Amino acid sequence: MRKLRFIFVLFFLVGHHSHSQTKSKLIAYDQSEIVLQNARIVDVVKGIVLDGQSILISSGKIKAIGKTGKLQVPKAAQIIDLKGKTILPGLVMLHEHMNYNNGAAVWQFHPVSFPKLYLAAGITTLRTAGAENPMYDLNLKRKIDSGESIGPRMFVTGPMFNDASGGFLGDFVISNYDQGKKATAFWADQGCTSFKVYSDIGTDALKGVLDEAHSRNLPVTGHLGKMSCTEAANLGIDNIEHSFWSCASDLSIPWEGDWKLNVEQKGVNELIELLVAKKIVLTITPFSDSDYRNPALLEYLSTDERKRVEGYLKNPPPFMPKGSNDSQLRPFEKLFVQKGGKVVLGADAADCGLLPGFQNHNEMVTLVKAGWTPLDVIKIATIDGAKFLKIDNESGSIEVGKSADLLIVSGKPDENIEDIKNVELVFKNGVGYDSKVLRERAKGLVGRH
């Protein structure tokens, strides 16, 4: 018995030491005071870019910002020269998953690869958008918060609340008002800070979810299907996922075939005015057919998953949306914003080789191609997301007193949004991570863990 105990303790110590060594290699900078100098800074609050700037990070916070050469630098500070680089606030994304679907109606939890891929892309804060088992997400969040694991700051949404007619084995089935209230109360008590209803949800069940969540001042979002956006809005939903794609019944969108949408069609203005009046936030999750056709991303997949995705390159799966259809939603979103609506961004990267981080960048590029300015998109992906999560007093922009959540890229993404992909360093709470190293540690894991 003593021998078994000794072996267990030895195994624990070796494992813990190995984990600590691995973690330390992922961290590039972890000094108490760091100065980032000679950089361009994107001010998402004022919508401007400042050249030749320095940022003093102290104990995880932004202590000072000023012109390089004029900012007082502490003697013991680590100095990092960033000439030719741009510093942006860490990205804040609102429709993310720690699950990946590799072929069945069940999603597998990915606690090793996904947090690294998100952080490597500069995503320092994210909200999950439903999970097969939210306890996995909640426990991962606790490990990240405690420093035991590396990843973005997480806001955890509960399970997929759905009717029994829903098609996924991981749905949390609620069929009436009382079940909606009890399920919401249970997951709120576990630590979930938002709740998601899925496509087959019924009216009474949604009412129960809304009443319980709102009694706790927590928001409810929805991937709608059978229920229209009009009905959900009138019931009091706070957020709609996939923007107007969820409003299929309102816009007469066919589930199969090609769409023919335009902002002039009947009922569009009425729907948009209702959503704006109800202060409902839309989560945009842009998609294009090329997103899962990037051969450079295949190296991040496990052997079996790589074979599956390579098959999709020849024969796209029928359940994937068409890029040509999805692109028709962009004018609706722009009109929504022009009329006073609020939008946030999310990648929904959880299937078919669509990878966290890479897909978040793709969607930013997609919005610029659709007519948004790079600065507009950067603002949506940072301070607007932080406002939605009610953390804009501590994150979402580069300001003195806020957490040092920073994304450092080569180039000028405020002028050429494609440069958002050139991530070199990411700071979260003042700790700097090498993007390349984080991604290297995720290769071959997607489809496994």
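Computed from a predicted structure; not experimentally measured.
Summarising the geometry of Gln108 relative to Gly447, their closest heavy-atom pair is OE1-O, 3.3 Å, with the distance given to 0.1 Å. Between Leu329 and His242, the shortest heavy-atom contact is CD1-O, 4.4 Å. Summarising the geometry of Val35 relative to Ser54, their closest heavy-atom pair is CG1-CB, 4.4 Å, with the distance given to 0.1 Å. Residues Val92 and Gly385 approach most closely at CG1-C, 3.6 Å, considering heavy atoms. Taking every heavy atom of both residues into account, Ala233 and Ile280 meet most closely at CB-CD1, 3.3 Å. Nearest heavy atoms, Ile57 versus Leu406: CD1-CD1, 4.0 Å.
Side-chain contact annotation: Gln359 with Asp291, donor-acceptor N/O pair under 3.5 Å present.
Ion pairing between a basic and an acidic side chain is recognised when a charged N comes within 4.0 Å of a carboxylate O; Lys342 and Glu333 show no such pairing. Ion pairing of Arg127 with Glu96 is absent here, as no side-chain N (NZ or NE/NH1/NH2) approaches a carboxylate O to less than 4.0 Å. We find that Asp81 and Lys85 are not joined by a salt bridge, their nearest charged nitrogen and carboxylate oxygen being 4.0 Å or further apart. In summary, Lys436 and Glu440 do not engage in a salt bridge, as defined by a charged side-chain N under 4.0 Å from a carboxylate O. By the 4.0 Å N-to-carboxylate-O rule, Lys141 lies too far from Asp137 to be salt-bridged with it.
Between Lys196 and Met160, the closest side-chain pair of non-hydrogen atoms falls below 4.5 Å. The closest side-chain heavy-atom distance from Arg153 to Ser403 is below 4.5 Å. Side-chain atoms of Leu82 and Asn38, non-hydrogen and from C-beta on, never get closer than 4.5 Å to each other. Counting only heavy atoms from C-beta outward, the side chains of Leu261 and Phe244 never approach each other to under 4.5 Å. A 4.5 Å side-chain heavy-atom check between Phe172 and Asn162 finds every atom pair outside the cut-off. No side-chain heavy atom of Val343 sits less than 4.5 Å from a side-chain heavy atom of Asp384. Counting heavy atoms from C-beta outward, Pro134 and Gln190 have side chains that stay 4.5 Å or more apart. At least one side-chain heavy atom of His361 sits less than 4.5 Å from a side-chain heavy atom of Val423.
Between Tyr300 and Phe358, the gap from one ring centroid to the other is short of 6.0 Å.
Contacts of Tyr100 classified as ring pair (Phe, Tyr, Trp, His ring centres under 6.0 Å), with partners at least two apart in sequence or in another chain: His110. Residues passing the side chain to side chain donor-acceptor pair (under 3.5 Å) test with Asp189, sequence neighbours excluded: Arg216.
Checking side-chain atoms of Arg40 against main-chain N and O of Thr86 turns up no donor-acceptor pair under 3.5 Å. Checked by atom type and distance alone, the side chain of Ser395 never pairs as donor or acceptor with a backbone atom of Asp392 at under 3.5 Å.
Open room surrounds NZ on Lys260; 12 or fewer heavy atoms of other groups in view lie less than 6.0 Å from it. The neighbour count for Lys421 NZ, taken as heavy atoms of other residues, nucleotides or ligands under 6.0 Å away, is above 12. Heavy atoms from other residues, nucleotides or ligands lying under 6.0 Å from NZ of Lys402 number more than 12.
Here the straight-line distance linking atom CG of Leu251 with atom CH2 of Trp259 works out to 9.0 Å at 0.5 Å rounding.
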Test side chain to side chain donor-acceptor pair (under 3.5 Å) on Thr221 and Glu241; report intermediate values, then the result.
CA-CA 7 Å; Thr221 190; Glu241 301 303 309; 2.4 Å; yes

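Under the 30°/60° scheme for interplanar angles, the aromatic rings of Tyr198 and His223 are found to be tilted.
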